[in-house]
Protein chains: 2
Amino acid sequence: MFDINVLPTDCAQKRAANACSGCGAREHSVCGALDDRQLDRLDTLADQMTLQPGDVLVRQGDPANHLFNITSGSVRVYRLLPDGRRQITGFLFAGDFLGLATGDTYAFSAEAIETSTACRFRRNEYRDEVRNNPALEAALLDRVTHDLAAAQAQMLLLGRKTAQERIASFLLDLPAHDPCRPGPADHVRLPMTRAEIADYLGLTIETVSRVLTRFKTSGVIRLLSLNELRIEDPARLRAIAEGEI
Amino acid sequence: MFDINVLPTDCAQKRAANACSGCGAREHSVCGALDDRQLDRLDTLADQMTLQPGDVLVRQGDPANHLFNITSGSVRVYRLLPDGRRQITGFLFAGDFLGLATGDTYAFSAEAIETSTACRFRRNEYRDEVRNNPALEAALLDRVTHDLAAAQAQMLLLGRKTAQERIASFLLDLPAHDPCRPGPADHVRLPMTRAEIADYLGLTIETVSRVLTRFKTSGVIRLLSLNELRIEDPARLRAIAEGEI
DNA sequence: CGCAGCCTTGACCATTATCAACGCTGGTGG
DNA sequence: CCACCAGCGTTGATAATGGTCAAGGCTGCG
């Protein structure tokens, strides 16, 4: 929490992003949204901060004093085992919400993947605000419900899908979450490393690399660069993701 | 939804259970609770229903018309892949909450494991009630946040733990969720079959059976019956669960 | 008593992890 | 401007965890 550059600003970017904040689903429209007056009120509570790659938003075990709204870039959320094994539980993008905890401490860590910005709220102030603002609370409930549904889908992936199915699912889901997608839907931006993809999918970097190579060789995808690819055969990829091949 | 015996009653059992409803964490005390007046108000909206083993509360893909509060027994919540692979995303016990969905249809199925009871609410009525009752909404948000934290812990388990670690974690966590535990904390009731444990932990029944046998042989647990066991060496089991052995 | 369903155990196999070497790329400093 | 290096990614060989297939045992119920 100390290596972050905090700039108090009007938090303007959040506004555009807020409509689908915390949304783990494909259908952004169903997310709870707030009107401009409510967002103005929220702005007075927030600090805008700029994050460099690797900067820490939240550390597992630290007191849960803040909540965040990601306004640009991307963030990894993860849990660790004592021996260092890491499970990334989610990637967050502009509009996503972070930091709800049930106890006094965070049960997860969160770090910026690329240069990113976020709005930071003090937990107490935010909680009071939520209490006095039913619309905000409803939006929050909607987001958390979305996240829970996404988490259940990820459990299915981790518990029952093969490596090939996991990576196909990942490539299909990622663009829906990332509002930064530069062009058409078949274009996938991968701001994260292979190690992060592996830790998200419960695989090793070698397996991720091998499966991507196989997809490339079989013409399902085309690698534009290390961090960008195009889905050449979406139907086939969807079939693979659902275990129909 | 058709094979369920619905009995409109005052839904009294829910009251005792409600204090920790939906709670996926060890610390039941942090869960949002409602006072008696609020519960009375809720009772007027609910049908009490009795479920036999295998009875369906919710079917994946069906319109999301209801919400449930489990009042006794146990329920499995799961997702399926087209070829029948199943991932159980959670076991619910008395006091747990079920049925929040973001879209118009359920993204999961839920069935009774043993003879159980539940309170059923019409989604629209419940939503209106929530809108007019901030305390209820806050309690709901708290529960869903708990569930989300539990889901993240389960992702770590499914993505990064070995079979042995998964089963140790499962045996340690289960009693905290099950208010029916008959006696001391080292006593574990297993209302579910080996197949359900396997589908919850991302393993096969054979692996579950083998690991339980190994734990038994090494003296960490003692099998009292097929569906009941005692943890003989909790410290050792905790060490196994965290990968320290 | 016999059967069905669930569980356990064993033999074998496959997917994925591990270990190792090499290649690419981008940044830095001579 | 080029060479080197570090970090990341790819590829290959081998190993191990857990899955699959198969047989047999236990238990409860009709």
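Each chain gets a letter, A, B and so on, in the order the sequences are listed, and its residues count up from 1. Fair warning: this is a prediction, and the values are worked out from it, not measured in the lab. Computation of the quantities below employed the complete heavy-atom set of this structure, encompassing side-chain atoms and omitting hydrogens, waters and symmetry-equivalent molecules.
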J.: State whether the distance check finds a donor on one side and an acceptor on the other, under 3.5 Å, for side chain Glu206(B) versus base dC21(D).
T.: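 Answer yes: a donor N or O sits under 3.5 Å from an acceptor.
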J.: Determine the contact category for Leu212(A): base if any of its heavy atoms lies under 4.0 Å from a base atom, sugar-phosphate if only primed atoms, P, OP1 or OP2 are that close, otherwise nothing.
T.: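 Answer is nothing: Leu212(A) stays at 4.0 Å or more from every strand.
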J.: Of Thr204(B) and Thr193(A), whose closest DNA chain D nucleotide lies nearer the 5' terminus?
T.: Thr193(A)
J.: Does the protein touch nucleotides 22-27 of chain C at the base, only the backbone, or not at all? Give it as B, S and - per nucleotide, heavy atoms under 4.0 Å.
T.: ------
J.: Is the Lys NZ or Arg CZ of Arg79(B) less than 6.0 Å from the centre of Phe108(B)'s six-membered ring, within 45° of the axis?
T.: no
J.: Carefully, step by step, assess Phe91(B) and Tyr200(B) under the rule ring pair (Phe, Tyr, Trp, His ring centres under 6.0 Å).
T.: CA-CA 8 Å; Phe91(B) 295 113; Tyr200(B) 180 60; 4.9 Å; yes
J.: Are Lys216(A) and Val220(A) packed together at the side-chain level, in the sense that at least one heavy-atom pair is separated by less than 4.5 angstrom?
T.: no
J.: Here's a test of your reading of the structure: between Leu203(B) and Val208(A), which maps to the more 5' nucleotide of DNA chain D?
T.: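 First, find each residue's nearest nucleotide; the 5'-ward one identifies Val208(A).
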J.: Roughly how many Å is it from CZ in Arg160(B) to C1' in dT18(C), rounded to a whole number?
T.: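 About 13 Å, once rounded to whole Å.
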J.: Does Arg210(A) get its side chain close enough to the base of dT18(C), under 3.5 Å, for a donor-acceptor pair?
T.: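 Side chain to base: pair present.
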J.: Quick check: any donor-acceptor pair below 3.5 Å linking the side-chain of Arg194(A) to the base of dG7(D)?
T.: no
J.: Using whole Å, what does the distance between atom C1' of nucleotide dG19(D) and atom NZ of Lys161(A) come to?
T.: 19 Å
